[in-house]
Amino acid sequence: MKRPKLKKASKRMTCHKRYKIQKKVREHHRKLRKEAKKRGCKKPRKDPGVPNSAPFKEALLREAELRKQRLEELKQQQKLDRQKEQEKKRKLETNSGVKPSNLEPVKEEFGQGKAKDKPKSGKQNPKKLYCQELKKVIEAADVVLEVLDARDPLGCRCPQVEEAIIQSGQKKLVLVLNKSDLVPKENLENWLNYLKKELPTVVFRASTNLKDKGKIIKHLKVRKRAPFKSEVCVGKDGLWKLLRGFQEAYGKAIQVGVIGFPNVGKSSIINSLKQERICNVSVSMGLTRCMQVVPLDKQITVLDSPSFIVSPLNSASALALRSPASIEVLKPVEAASAILSQADARQVVLKFTIPDFKSPLEFFTSLAQRRGLHRKGGSPNLEGAAKLMWSEWTGASLGYYCHPPTSWTPSPHFNEGIVTDMKRGLNLEELEKNNAHSIQTVRGPRLASSILFQSSGLTNGIIEEKDIPEEPPKQKEKKQEEGEDYNELDSDQEIVDEEAGEKSSDVSGAGEAWEALPEESQADESAPSYISDKMTEEEDDAYDFSIDYV
């Protein structure tokens, strides 16, 4: 009789039991990882992914390891340097009670531009420091370029500064019509014919779309500056020939001062002439705070200057367009309403694609609804809409234009002798040919898509320190804190990011609108992404498991 074959036990089990075993295994592995972490044991290093068949695999891995070690050493060195600087600052604060930011040496800008005679930001009013720096530029310059916004050239002229240039000696004053691509060509020609009767005028369009800026890497290696990638610059050849001709007639090296109101494009013009990003450029007003020396070649040196200080006696629209602190002094709705009152209502409706309005508040309500600016509860954010409209009007994207006066009348601080002296030594015939070529080259907007704006005339400025009104103490402390925060640059972090291969993002037009939004809407858009320190054990285990799983 044959013995019956014994059947093997089945390995099948219920899902409940299988899931329970898997859960126990995960808990056991998690427990082992926690213990290893407490002991300081690290996971074995993974292969970076270079296949075994690749040639020179060992050399590549060795280079990657050396690169990683250099980055770690650089981070440690930067950390030690920061600690030493903090200790020095603490000692200075305890000994003399002076803010350490006032005693820091002047840092050189990247490139050849150097910050010269940087003023100390003590308890002195920053506007007075701007006046001091502006006077330095006017005294040192042989040729002064007054930069005008082609959208409102008359409003960008300051009679007080022009009079100071005339009284300072034998200096040439040249007008530069920047942003010429934002006005129709006919309007640009009319303004050129009006301004050249009084002073030599150059049609210009600066290159502003900076992308790959060069950086100097310390401790590792020096990289070459990236080429100046931007839109085509218009009028550079004409301005170069004008300055070169005056330098040859002058017989020695010259210095060229660049002056003007905020956001007219002074630093952008210097970058366009140098074809490198030497001076910092930003959408915000008042970025340049001290005189900066930029040598173009052996014979011509350019001096960048801070902006003019606008007199508080000007109209509300002039303050809103020309003063960096206008939105702080005036309320946003009042400042934007003053600008809106001098613009053509029909063209504004077509430009912003909103329904017809009867009052500024109605316009801001429609604009807030159009752009999605709402407060809690769904009510339109009028202040956010006013700031947005103000930022677009002072930026470099909105096209509006002003008509020149019907009859030409010389300025009160000019006479025939001064006008003749300003034009002597300059090749005006060649300048006219270059301006005609620039007007043909530049691509201006259509007349129908531009907004007609009524200029408020010359904008009065302050050049004497004694004429600057004193600010309230609270507002003064706030501005000093903002200035200190602005001057602190984390260059070490930029170096590490550059070597790690991180790409820096440029400022786009959308950034202007985002800066104009109120803080509430910005805070609602981005929720905090961090892990709380006070976690329960279950949450901590789940978090560790999710990291290991990923």
Nearest non-hydrogen partners of [X] and [Y], listed with the distance:
X: L319; Y: N314; result: CD1-O, 4.0 Å
X: K236; Y: S272; result: CD-O, 3.3 Å
X: P306; Y: M291; result: CD-N, 4.3 Å
X: F364; Y: S337; result: CE1-OG, 3.5 Å
X: K185; Y: Q440; result: NZ-O, 3.3 Å
X: A150; Y: S180; result: CB-CA, 4.0 Å

State whether the side chain of [X] and the backbone N or O of [Y] hold a donor-acceptor pair below 3.5 Å, judged by distance alone.
X: W390; Y: A320; result: yes
X: D142; Y: V256; result: no
X: N187; Y: V183; result: no
X: T353; Y: L350; result: no
X: Q255; Y: T301; result: no

Worked verdict on D149 versus R151 for salt bridge (Lys or Arg N to Asp or Glu O under 4.0 Å): CA-CA 5 Å; D149 192 334; R151 296 175 291 184; 2.9 Å; yes
If we only count heavy atoms from C-beta on, is the [X] to [Y] side-chain gap below 4.5 Å?
X: W393; Y: Y400; answer: yes
X: H403; Y: N190; answer: no
X: L129; Y: Q132; answer: yes
X: I309; Y: C131; answer: yes
X: V176; Y: L148; answer: no
X: L154; Y: P405; answer: yes
X: L239; Y: L145; answer: yes
X: T459; Y: S315; answer: no

How many angstroms lie between [atom1] in [X] and [atom2] in [Y], if you round to the nearest 0.5 Å?
X: L177; Y: K196; atom1: CG; atom2: NZ; value: 12.0 Å
X: S311; Y: I463; atom1: OG; atom2: CD1; value: 13.0 Å
X: E198; Y: M422; atom1: CD; atom2: CE; value: 10.0 Å
X: S305; Y: L134; atom1: OG; atom2: CG; value: 5.5 Å
X: E163; Y: I418; atom1: CD; atom2: CD1; value: 9.0 Å

Just by distance, with hydrogens left out, do [X] and [Y] show a side-chain donor and acceptor under 3.5 Å apart?
X: Q342; Y: S317; result: yes
X: N178; Y: S268; result: no
X: N271; Y: E276; result: no

Side-chain ion pair, R371 and E392, N-O less than 4.0 Å: yes
Worked verdict on E139 versus K136 for salt bridge (Lys or Arg N to Asp or Glu O under 4.0 Å): CA-CA 5 Å; E139 290 175 2; K136 289 180 185 177; over 6 Å; no
Side chains of residues 445-454: which donor-acceptor partners sit under 3.5 Å, not counting sequence neighbours?
unit_1: S449; atom_1: OG; unit_2: R446; atom_2: N; d: 3.4
unit_1: S449; atom_1: OG; unit_2: R446; atom_2: O; d: 3.0
unit_1: S450; atom_1: OG; unit_2: R446; atom_2: O; d: 3.2

R157, R322, K179 screened by salt bridge (Lys or Arg N to Asp or Glu O under 4.0 Å) with D152, the one that passes: R322
For residues 428-439, tabulate all N or O donor-acceptor pairs below 3.5 Å that involve a side-chain atom, not counting sequence neighbours.
unit_1: E430; atom_1: OE1; unit_2: N427; atom_2: ND2; d: 3.1
unit_1: N434; atom_1: ND2; unit_2: E430; atom_2: O; d: 3.1
unit_1: N435; atom_1: OD1; unit_2: V203; atom_2: N; d: 3.1
unit_1: N435; atom_1: ND2; unit_2: T201; atom_2: O; d: 2.9
unit_1: N435; atom_1: ND2; unit_2: L431; atom_2: O; d: 3.3
unit_1: S438; atom_1: OG; unit_2: N434; atom_2: O; d: 2.9

Qualifying residues under ring-ring contact (aromatic ring centres under 6.0 Å, His included), relative to F363, sequence neighbours excluded: F352, F357
